[in-house]
*Asks:* 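Just dropping this structure here.
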Amino acid sequence: MINNLRVGLMEEINFPQLPDNQTGLSVIVRFRGERERERDEGRRMDLMEKNMELIEVQKLEGHTDRVWNAAWNPVSPILASCSGDNTTVLEETHTRTVRSCSWSPSGKLLATASFDGTTAIWEDLGDEFECISTLEGHENEVKSVSWNASGSYLATCSRDKSVWIWEVLGGNEYDCASVLNGHTQDVKMVLWHPTMDVLFSCSYDNTIKVWWSEDDDGDYQCVQTLDESTNGHSSTVWAISFNAAGDKMVTCSDDLTLKIWRADISMMHSGEGYAPWTHVCTLSGYHDRTIFSTHWSSDDIIASGAGDDAIGLFVESKQHDSVNGPSFNLLLKKEKAHEMDINSVQWSPSKENRLLASASDDGMVKIWQLETIP
Amino acid sequence: MNWRITPASSSSIKLLSLPLIELRQSRYFYFSLENLLVVCVRGKRMVSGLINENPTVYERKERRVRTDSTNTDEFSVEPIDQLEIFDILFFDFAIVNIHHIRDIRDPEHPYSLEQLKVLTEDSVEVDDHKSYVRVTFTPTVEHCSMATIIGLSVRVKLMRSLPPRYKIDIRVAPGSHATEAALNKQLNDKERVAAALENPNLVEMVDECLSPSFE
């Protein structure tokens, strides 16, 4: 028996006209409506002691090719997804697969990273999106794009092993502020720290690199590398995610594990210099294929999406071992969440309900609700 | 559907006349002989009949006969097994052509991967219930620079032939290549594979390996 579900469904789904040969961003969904259901007072307390279930709320089938990434708008109830298919909502910009998309903190701009080597910035004009800028410079496919917390910087990374930092100037101008070399192989993802201007990148070379400009003069250097010698991953690292406070981070990899890291960021906030990240624990044995994506929700549930078509949810265990530090347990594993590899999992920023979007090679984006079952 | 037979130089030719047994709706049909199995895989379209019912078939080395060939129910779903995957890797369109009945071709030589012993039946490990297949291939020389193309071709062929639920792993036989680990890693990184398949030069080479040749 499931709690009463009354979902305010999609008010409008914009399915694009199908033009010829445009690969690009497809399906921007306006998802409106509040969910009416009984609130569970104890919901933020011990999740492990309840029976939880991940229920599919919505299935978005507009894509005709694999969906690489899905991103929730931080302020309005909109979900953007990007794909390798030949559909586009917007004018011709990208000529190849759009690999990843990211909303600016204000929610007004959407950045899309494409295999054609460019990153496009789109402005939400209400009825449509307009491409206001195209960032060129990478030698080959751009894999990921990330805005910093204030929206003043953009970072991109590519198979060309480099990470680029772009400064957001006024008037739709973007300037390349820095080109960071250091990785020895493709860089899979970049992510800015949620509260500080520290940049993280993870790569096919099995490492995670931390980039910081100590003097805040825009001169970013690699201040730390998390590799196998520091309890890091033994194969390609695909994704990174931070908790809301920014003092913990989860990474996932082709080595079939998720790793949790932490740092004493109060030290950094108070200007005492760089606080290094240390390994906390490794979650292994939960997925038997590459874990492509992970996301840490605002109420501390870690979601993972993998090549075994399953979604895993993890929470910190209540038993705090003062010697070994915090540990994490599997809350639930949703097998066969999709019919093919899951490329991206993203929690909705909405505080009212626990919504998770998942995007897959099967061309679908699904929205899930994490529910307690009585 | 066209049948064309060309005699080969080194093996005997057998003239056969056989009934056609259509096994599956979507993919292939075969006709079975006493000790020879000829399997032809057609893309995804249904084959409704043979134009030439008395093809001349070239006898190659001995092959296992399917023991359950008495199953003539054309709509039955049979699990995919090792032989089928091997066959998928070796038969492209239903053209019975002596030299090229077995594809995939080596990128550099006019021989199939089977002829060069790059692939054998034992190269394939498949578990249909788990929707998993692993193909292990052996490049002819340790520094084979074509190993990437071969691996990519095998992957593309399987992707096109198997149901989407399948997870595919490709690797080189352990100890058979100088940069084995790096090669395996890149053959199984789907983003690299996707990017490679958007590269027109690579796609052309892969298509060359996978195309049947008409001579």
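By convention in this document, chain letters (A, B, ...) are assigned in the order of the sequence lines, proteins followed by strands, and residues within each chain are numbered from 1.
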*Asks:* Below 3.5 angstrom, are there any donor-acceptor pairs between chain A and chain B, and if so, which atoms and how far apart?
*Replies:*
residue	atom	partner	partner atom	Å
A/Arg96	NE	B/Glu198	OE1	2.5
A/Arg96	NH2	B/Glu198	OE1	3.2
A/Thr97	OG1	B/Glu198	OE2	2.5
A/Arg99	NE	B/Glu191	OE2	2.4
A/Arg99	NH2	B/Glu191	OE2	3.3
A/Gln185	OE1	B/Arg192	NH2	2.9
A/Asp186	OD1	B/Arg192	NE	3.4
A/Asp186	OD1	B/Arg192	NH2	2.6
A/Asp186	OD2	B/Arg192	NE	2.9
A/Lys188	NZ	B/Asp189	OD1	3.2
A/Lys188	NZ	B/Asp189	OD2	3.0
A/Lys188	NZ	B/Glu191	OE1	2.7
A/Tyr204	O	B/Lys185	NZ	2.5
A/Tyr204	OH	B/Gln186	N	3.2
A/Asn206	OD1	B/Lys185	NZ	2.7
A/Arg289	NH1	B/Asp169	OD1	3.4
A/Arg289	NH1	B/Asp169	OD2	3.2
A/Arg289	NH2	B/Asp169	OD1	3.2
A/Gly307	O	B/Lys167	NZ	2.8
A/Asp309	OD1	B/Lys167	NZ	2.5
A/Asp341	OD1	B/Lys167	NZ	2.7
A/Asp341	OD2	B/Lys190	NZ	3.0
A/Asn343	OD1	B/Lys190	NZ	2.5
A/Asp361	OD2	B/Lys190	NZ	3.1

*Asks:* Please check if the side chain of A/Thr119 supplies one atom and the backbone of A/Ala113 the other of a donor-acceptor pair under 3.5 Å.
*Replies:*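 Not a single qualifying donor-acceptor pair exists.
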*Asks:* Going by the rule side chain to side chain donor-acceptor pair (under 3.5 Å), which residues pair with A/Trp368 if we only count those two or more places apart in sequence or in a different chain?
*Replies:*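 Only A/Ser358 meet the side chain to side chain donor-acceptor pair (under 3.5 Å) criterion with A/Trp368.
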*Asks:* Measure from the side-chain N and O atoms of A/Trp166 to the backbone N and O of A/Leu135, and report whether any donor-acceptor pair falls under 3.5 Å.
*Replies:*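 No, the answer is negative, given that no donor and acceptor are paired below the 3.5 Å cut-off.
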*Asks:* Within the distance-only criterion (no hydrogens, no angle test), does the side chain of A/Lys259 pair as donor or acceptor with the backbone N or O of A/Asn231 below 3.5 angstrom?
*Replies:*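 Answer holds: yes.
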*Asks:* Just to verify, what does B/Phe137 make a ring-ring contact (aromatic ring centres under 6.0 Å, His included) with, not counting sequence neighbours?
*Replies:*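 Residues passing ring-ring contact (aromatic ring centres under 6.0 Å, His included) with B/Phe137: none at all.
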*Asks:* Partners of A/Leu180 by side chain to side chain contact (heavy atoms under 4.5 Å, CB included), sequence neighbours excluded?
*Replies:*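 Here the qualifying residues are A/Val163, A/Ile165, A/Ser178, A/Leu199, A/Trp211, A/Tyr220.
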*Asks:* Considering only heavy atoms, which portion of B/Ala181 lies under 4.5 Å from any heavy atom of chain A: side chain, backbone, both, or neither?
*Replies:*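 B/Ala181 has no heavy atom closer than 4.5 Å to chain A.
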